[in-house]
Amino acid sequence: MNHPKNQNDDSANEATLNKAYDPHAIEKRIYQNWESHGHFKPSGEGPSYCIMLPPPNVTGVLHMGHAFNQTIMDALIRHRRMKGENTLWQPGTDHAGIATQMVVERQLQAEGKTRHDLGRDDFIDRVWKWKEQSGGAITQQSRRMGASMDWSRERFTMDEGLSKAVTEVFVRLHEEGLIYRGQRLVNWDPVLHTAVSDLEVISEEENGGLWHLRYPVVGTKEHLVVATTRPETMLGDTAVAVNPEDERYKHLIGKQVELPLTGRKIPVIADDYVDKEFGSGCVKITPAHDFNDYEVGKRHNLPMINIFDRSAQIISRPSNNPSTPIGQSIDETLHVTYDLLKTLEHIPVAYQGLDRYKARKQIIADLEAQGLLEKTEPHKLKVPRGDRSNAVVEPFLTDQWYVKVEPLAKEAIKVVEDGRIKFVPENWTKTYYQWMRNIQDWCISRQIWWGHRIPAWYDADGNIFVARTETEAKAKARAKHGKDVALEQDKDVLDTWFSSALWPFSTLGWPTQTPELKTFYPTNVLVTGFDIIFFWVARMIMMGVKFAGDVPFKEVYIHGLVRDAEGQKMSKSKGNVLDPLDLIDGITLDDLIAKRTSGMMQPQLAKKIETATRKHFPNGIPAYGTDALRFTFASLATLGRDIKFDLGRIEGYRNFCNKLWNAARYVLMNTEGHDCGVDSPIAESDVPSPSGRGTGVRGATGAVELNAADHWIITRLNEVTQEVETAIHDYRFDLAAQEMYSFIWDEYCSWYLELSKVVLTDPKATAEAQRGTRRTLVQVLEAALRLMHPFMPFITEEIWQRVAPLAGKKGETVMLQPYPAVDKAAINDNAKKEMTWVMQVITGIRNIRGEADISPAKQVPVLFADGSKHDHDHLERNRTYIQTLAKAESITWLDQGKSAPDSATALVGHMKVLIPLGSLINKQAELERLKKEMEKLEKEIVKARSKLSNSDFVARAPKQVVEQEQQRVKDFETALTNLKTQQTKVAALPQ
RNA sequence: AGGCGCGUAGCUCAGUGGUAGAGCACUUCCUUGACAUGGAAGUGGUCGGUGGUUCGAUCCCACUCGCGCCUACCA
């Protein structure tokens with residue numbers, strides 16, 4: 001990116017601000033200043049307000065989702081902090097067991113090693129080192145976002161304190177029977193060699209086959225045909241099931257079939273589970289390798305034959321697989337005891353040791369050769385894959401630890417039902433309930449090394465002692481055996497989400513009843529995406545209610561997920577990832593392409609990604625700065641689900657920053673070194689003209705007069721303040737952003753600043769009037785900066801430092817200033833009406849000028865006709881404004897009945913604003929303009945009249961609405977008549 | 001199969017039972033001393049479709065079409 005080198009990095013100390021806003025020059029310096037002064041810490045005063053940061057993966061990098069999420073939280077926290085509350089934004093990171101372990105294992109792989117080469121202790125050391133090295137990255141990135149987290153309280157899920165909480169919860173749940181160990185089918189990842197929970201399995205439709213296999217019925221010449229998507233599992237079949245009502249097969253129930261290739265005989269059983277309509281109506285039952293079959297197997301007491309090893313290869317003899325000890329468990333870490341030799345008897349040697357897909361191919365070929373393959377059909381099926389490894393997950397019979405979730409879920413449902421926790425948007429409660437009411441037990445053990453070791457010890461007999469420490473476990477064992485026995489701790493670790501579930505109270509010191517816990521728990525709001533409602537939100541609620549004695553948060557604000565400009569989820573493999581820091585700092589096209597195509601899992605996609613990137617970012621990404629990015633996020637924070645991130649938006653908000661910056665420059669240029677009268681009282685009822693009347697009140701400095709423009713902008717400031725306050729309360733950051741944007745741009749800059757120029761450059765203006773203008777300029781800006789600070793912390797701070805003293809404010813930083821409060825007394829409806837009139841007049845004149853293509857430099861004479869006394873008063877007070885902003889050469893008031901020259905006309909109420917036709921205005925152009933105006937009016941009149949001609953409308957609609965409609969027609973008709981007259985006159989003119 | 005959401009200007013999105021909005025893009029004009037990252041003016045929408053409720057529907061209801069997400073699944 002091409003940044004003109006900024007000459008003065010410390011612009012706050014320069015005489016003037018740079019002409020263009022340069023975020024780089026200010027952001028880091030300001031953040032360091034805030035942090036080093038401890039401004040992010042709770043003040044210890046006022047009502048408490050606490051937000052828990054959803055802890056990102058410690059070895060991860062900040063992505064758009066984090067940036068969005070943190071922008072919202074920071075806005076909330078800064079808002080409350082400025083309102084004087086005792087705010088804590090608790091930061092920290094998550095150890096992300098599987099993900100982190102995978103990263104380190106991949107590093108080892110590059111060195112030609114596995115974790116087993118290192119051994120458990122050395123491997124964990126290595127992970128800690130990696131964590132130390134990379135773990136700071138994401139928190140540094142949060143700092144770039146301006147996040148005002150209390151870094152002095154930063155936590156990590158593997159910290160000693162948090163680990164203690166994990167153990168405590170595990171032990172207590174176990175004591176209550178809510179954690180148990182059991183052998184059942186789990187989702188097994190054959191690549192990572194660990195169990196995973198239901199939530200970590202992603203099922204997507206893929207193309208596969210449906211194979212119809214013939215199983216000969218023993219003692220007959222018949223055979224049954226079973227349909228299966230996984231023919232290789234037939235080796236583990238222990239029955240064939242049919243629907244008990246199925247007439248085709250009723251006679252076979254209780255008979256036996258011969259399982260091909262193995263020679264085993266298995267029964268034909270009847271079970272309702274079988275759908276007569278699907279496939280052949282016969283289902284092979286493989287209880288050890290299918291969740292449904294497992295249930296059937298249990299119902300019918302079928303044997304369960306496990307045919308896979310932990311890598312999902314067909315079990316083989318130790319000679320083929322030396323790591324498997326004979327006669328013992330297939331994998332020691334599983335504590336699964338199979339009689340391997342017996343199992344092997346069932347499996348033909350030809351298949352032993354084959355990978356599941358190779359075995360499938362072989363088995364199909366062999367069955368076909370024996371004439372036992374009836375047919376093969378293409379079939380779409382949902383294939384379950386591990387969310388980390390992407391490997392097809394295998395239902396696998398192992399011993400694992402589970403949380404019995406139902407009793408916890410019941411309480412967690414209740415707290416949402418009775419309103420102690422509120423979802424925003426409210427609709428997410430449905431999703432929450434739906435899951436909670438159908439919840440399955442949670443498998444929490446993982447066969448990996450990085451994580452919280454399960455606090456359970458085994459003796460030689462397999463007795464389990466769950467305890468907080470090894471000493472405590474030994475004591476328990478001693479109590480049982482009457483003597484000391486050797487114990488071995490469970491080798492498994494806990495699911496990372498188990499520790500995340502405790503985050504809201506473990507970070508505050510639980511199980512110790514710390515002052516922090518007392519002050520900040522329950523926290524106020526959880527801000528997160530809907531993708532982790534089940535993973536995290538639901539589990540936090542369960543654990544919080546169970547152990548911390550109250551809900552973990554009172555509100556859950558669920559926001560959308562950030563997607564790319566085409567609505568696609570951002571992912572490394574799609575190559576459409578945007579790095580928030582690249583939006584802040586900018587990046588060249590080449591660097592962006594390099595970034596997107598490096599370290600890819602599927603390098604063949606690189607070309608495609610490069611093409612797409614070149615198309616979307618032909619010039620790379622310019623540096624937009626943090627505030628622009630944050631404001632963009634705020635403006636996109638609607639209640640919808642998807643947030644399409646469009647570069648056009650951020651560019652617009654970067655421009656907004658520049659606009660604000662330059663408005664400040666203007667204000668400073670016109671107030672610094674001047675008496676801004678900030679200490680002077682104001683004559684309350686005073687609404688003088690821009691030039692002033694010299695009737696202001698004497699004050700400490702000079703007297704100050706405020707005119708209608710001043711009162712108007714102050715009124716608007718207060719109204720906007722109210723709107724923003726409401727929007728933040730409702731989590732409508734988009735509306736808040738919209739309010740601030742249009743106030744600053746369309747009102748403060750487009751109108752007030754222009755109006756102020758008139759006063760400040762008017763040689764006839766009184767000192768009091770100029771002081772009033774300066775005072776308003778600087779005070780409104782100062783308040784607006786405070787108002788916007790939670791959304792754009794850096795630019796507001798930088799400007800505030802300069803502006804605050806001029807506005808009579810003292811303070812180290814804007815972030816600790818009071819948030820603007822609505823001052824109802826400052827709202828002045830008369831001034832609002834007057835300025836609306838002024839702006840309408842000016843707009844009317846500009847409109848004529850614009851349509852007639854009159855050069856902005858050219859001044860035009862303006863006449864006012866058919867005006868009321870009211871109009872006259874307005875004009876007299878605001879004559880100079882109109883003259884300057886509409887570039888009027890002269891302003892002439894025509895009394896009622898006095899004839900006006902042939903003119904182009906704009907209507908302000910009943911009053912006509914006229915610009916005489918002449919060399920400046922083309923007759924044809926004016927006729928066209930009039931025609932357009934008239935057509936608009938006619939359309940409205942037709943609509944309104946048809947309404948009024950409906951007797952039902954007049955009879956039944958509220959009186960107010962009818963009257964309003966009548967008034968509208970009247971106004972339109974008057975206007976139309978005026979324009980018609982005008983049209984006739986213009987049309988009659990020569991040329 | 002069940003649940004949820006979306007469909008409004010070329011694009012990204014607000015919105016309300018009574019006059020349809022913003023930003024970007026586009027057109028014309030303008031280097032005026034805060035800002036060309038700017039200023040002034042302007043073009044542009046049968047609010048997915050059908051029906052119902054209502055004096056009145058973009059909004060509420062029913063159905064329908066299209067798109068997306070989530071949960072559970074038939075071997």
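Order of the sequence lines fixes the chain letters, A, B, ..., with proteins taken first and strands second; residue numbering starts at 1 for each chain. No experiment lies behind these values; they were computed from the predicted model shown. What you see below is based on every heavy atom in this structure, not just the backbone, and it leaves out hydrogens, waters and symmetry mates.
H212(A) comes within 4.0 angstrom of nothing in the nucleic acid, heavy atoms only. Using a 4.0 Å heavy-atom criterion, one finds that R849(A) contacts no nucleic acid atom at all. Residue contacts for A955(A): at a heavy-atom cut-off of 4.0 Å it reaches no nucleic acid atom on any strand shown.
Taking 4.0 Å as the cut-off between side-chain N and carboxylate O, R563(A) and D642(A) count as a salt-bridged pair. The pair E928(A)-K931(A) does not count as a salt bridge, with every side-chain nitrogen at least 4.0 angstrom from each carboxylate oxygen. Using a cut-off of 4.0 Å between Lys/Arg side-chain N and Asp/Glu carboxylate O, R385(A) and E204(A) are scored as not salt-bridged.
Closest contact between the side chain of R732(A) and the listed nucleotides rC35(B), rA14(B), rA20(B) involves rA14(B). Comparing rA34(B), rU71(B), rA20(B) by their closest approach to the side chain of M669(A) singles out rA34(B). For C749(A), the side-chain atoms get nearest to rA34(B) when compared with the rest of rA34(B), rC69(B), rA14(B). Taking every side-chain heavy atom of R846(A) into account, rA40(B) is the closest of rA75(B), rC35(B), rA40(B). The side chain of R665(A) has rA34(B) as its nearest neighbour among rU12(B), rA34(B), rA75(B). Nearest to the side chain of N658(A), among rU37(B), rG68(B), rG38(B), sits rU37(B). Distance from the side chain of K659(A) is smallest for rA34(B) among the nucleotides rG18(B), rA34(B), rU19(B).
Applying the 3.5 Å distance criterion, the base of rC4(B) shares no donor-acceptor pair with the side chain of K430(A). Not a single donor-acceptor contact under 3.5 angstrom links the side-chain atoms of E754(A) to the base of rA40(B). For a distance-only test at 3.5 Å, the side chain of K757(A) qualifies as a donor-acceptor partner of the base of rA34(B).
Looking only at atom types and distance, the side chain of S635(A) has no donor-acceptor partner in the side chain of D734(A) under 3.5 Å away.
Here the C1' atom of nucleotide rC11(B) and the CG atom of D564(A) are 14 Å apart, to the nearest Å. Atom CG of D293(A) and atom C1' of rC73(B) are 14 Å apart (whole Å). Atom-to-atom, OH of Y249(A) to C1' of rA75(B) comes out at 13 Å; the value is rounded to the nearest Å.
Here, rC47(B) and rU58(B) have their P atoms 6 Å apart, quoted to the whole Å. To the nearest whole angstrom, the two C1' atoms, one in rA22(B) and one in rG15(B), are 10 Å apart. Taking the C1' atom of each, rA14(B) and rG49(B) are spaced 24 Å apart, rounded to whole Å. Distance check on atom P: rA34(B) versus rA25(B) gives 24 Å, rounded to whole Å. Using atom C1' as the reference point in both rA40(B) and rC35(B), the two lie 15 Å apart (nearest Å). Nucleotides rC6(B) and rC59(B) place their C1' atoms 15 Å apart, quoted to the nearest Å.
In this structure, F423(A) has its ring center at least 6.0 angstrom away from the ring center of W428(A).
Ring pair F645(A)/F633(A) is tilted by interplanar angle, where 30° to 60° counts as tilted.
In terms of phosphate contacts, K19(A) brings a side-chain nitrogen or oxygen within less than 4.0 Å of OP1 or OP2 of rA36(B).
A 3.5 Å limit on both hydrogen-bonding distances identifies rG5(B) as the Watson-Crick or G-U partner of rC67(B).
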